[in-house]
Amino acid sequence: MLSIRNFRRISSSQFNHGAMALISGLGLCFLVASQAAALEYKRLEPLLETGETIIGQTFVYPQGSPAEVTAVIVTMLPGEETGWHVHEVPLFGYMLEGELTVDYGAEGKKTYKAGDTLMEALDHPHNGVNTGTGVMRILAVFMSSENGVKTKPVEAPAD
């Protein structure tokens with residue numbers, strides 16, 4: 001005979017089976033989603049591989065005293081300029097945010113945006129301007145010798 005007590009047991013048992021099926025189904029969904037995400041994951045994403053600067057110069061690493069790598073983030077407000085300068089050592093740049101237009105004089109102007117990479121010109125005067133509407137940030141990595149001069153101000157080239 002079916003009593004309230006038996007009905008509760010049946011309902012509880014059926015509920016437990018339903019809950020287990022739901023949990024198993026969700027687990028399977030999470031497993032499939034995590035495997036799909038793993039397939040889209042880029043473990044290694046090359047940014048730049050070059051032996052030349054942005055204006056086509058071949059570069060070499062400084063000789064002499066111990067090597068030194070210096071990484072800085074340069075931040076500039078809209079309209080702000082770096083001033084004319086040169087780099088005496090190789091410099092790798094990675095644009096983090098905003099827009100930077102660099103005037104290389106006779107070599108022309110180049111505009112960089114977030115995600116762009118470059119090997120900056122060596123011993124060649126240039127001036128950078130934040131030509132965007134927001135903050136510009138660039139990761140600059142200098143490869144120099146210990147205590148080497150990384151950036152040196154210069155006069156603007158004659159037109």
Side-chain angles (χ1 to χ4, degrees), residues 20-159:
M20 290 302 290
L22 177 63
I23 291 170
S24 297
L26 288 174
L28 182 60
C29 288
F30 286 127
L31 178 63
V32 170
S34 67
Q35 287 178 344
L39 294 175
E40 295 175 18
Y41 172 70
K42 292 182 181 177
R43 186 174 198 97
L44 178 66
E45 184 176 351
L47 295 176
L48 177 69
E49 185 175 332
T50 185
E52 294 184 343
T53 68
I54 196 69
I55 60 172
Q57 302 164 304
T58 301
F59 62 89
V60 295
Y61 298 110
Q63 303 293 316
S65 63
E68 180 177 89
V69 173
T70 304
V72 299
I73 294 178
V74 178
T75 303
M76 296 169 57
L77 298 175
E80 192 172 358
E81 296 187 31
T82 61
W84 286 89
H85 62 281
V86 297
H87 301 290
E88 296 179 347
V89 299
L91 179 151
F92 165 77
Y94 178 69
M95 287 291 295
L96 299 170
E97 179 179 2
E99 179 178 286
L100 178 68
T101 299
V102 180
D103 183 349
Y104 295 99
E107 299 295 328
K109 292 182 181 182
K110 297 195 185 317
T111 299
Y112 307 100
K113 296 183 181 197
D116 289 346
T117 60
L118 67 134
M119 284 302 295
E120 188 56 282
L122 279 168
D123 290 319
H124 187 89
H126 56 281
N127 181 45
V129 179
N130 178 348
T131 50
T133 58
V135 170
M136 183 286 309
R137 295 174 62 234
I138 184 170
L139 169 66
V141 181
F142 297 89
M143 291 150 268
S144 65
S145 57
E146 190 174 43
N147 301 318
V149 176
K150 296 162 185 63
T151 302
K152 183 170 75 175
V154 296
E155 295 294 320
D159 287 333

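Everything quoted here is computed from the prediction, not taken from an experiment.
G105 and W84 get closest at one heavy-atom pair: N-CH2, 4.2 Å. Residue T117 comes nearest to Y94 through the heavy atom pair CG2-CD1, 3.4 Å, listed as atom of the first residue, atom of the second, then distance. A pairwise comparison of heavy atoms in E120 and I54 identifies OE1-CG2, 3.7 Å as the closest pair. Looking at every heavy atom in both residues, T131 comes nearest to L100 through OG1-C, 4.3 Å. Heavy atoms only, all atoms of each residue included: S144 and V89 are closest at CB-CG1, 3.5 Å. Contact detail for M76 and N130: the closest heavy-atom pair is O-ND2, 2.9 Å.
Looking at residues two or more places apart in sequence or on another chain, you find no salt bridge (Lys or Arg N to Asp or Glu O under 4.0 Å) involving K109. Residues passing the side-chain hydrogen bond (donor to acceptor under 3.5 Å, both in side chains) test with T53, sequence neighbours excluded: Q57. Annotation: side-chain hydrogen bond (donor to acceptor under 3.5 Å, both in side chains) contacts of E81 (sequence neighbours excluded): N127. For K110, the side-chain hydrogen bond (donor to acceptor under 3.5 Å, both in side chains) criterion is met by no residue, not counting sequence neighbours. Contacts of V149 classified as side-chain contact (heavy atoms from CB on, under 4.5 Å), with partners at least two apart in sequence or in another chain: E88, K152.
Applying the ring pair (Phe, Tyr, Trp, His ring centres under 6.0 Å) test to every pair with at least one member in residues 126-149, sequence neighbours left out, gives these pairs: H85-H126, H87-H126, H87-F142, Y104-H126.
For the pair L118 and L48, the minimum side-chain heavy-atom distance is 4.5 Å or more. The shortest side-chain heavy-atom distance between T75 and V135 falls under the 4.5 Å cut-off.
From I138, atom CD1 reaches atom CG of L96 across 7.5 Å, with rounding to the nearest 0.5 Å.
For the side-chain contact (heavy atoms from CB on, under 4.5 Å) criterion with M119, the lone passing option out of T50, L91, I55 is T50. The only option from E99, M95, K113 that meets the side-chain contact (heavy atoms from CB on, under 4.5 Å) definition with M136 turns out to be M95.
No more than 12 heavy-atom neighbours from other residues, nucleotides or ligands sit within 6.0 angstrom of CD on E155.
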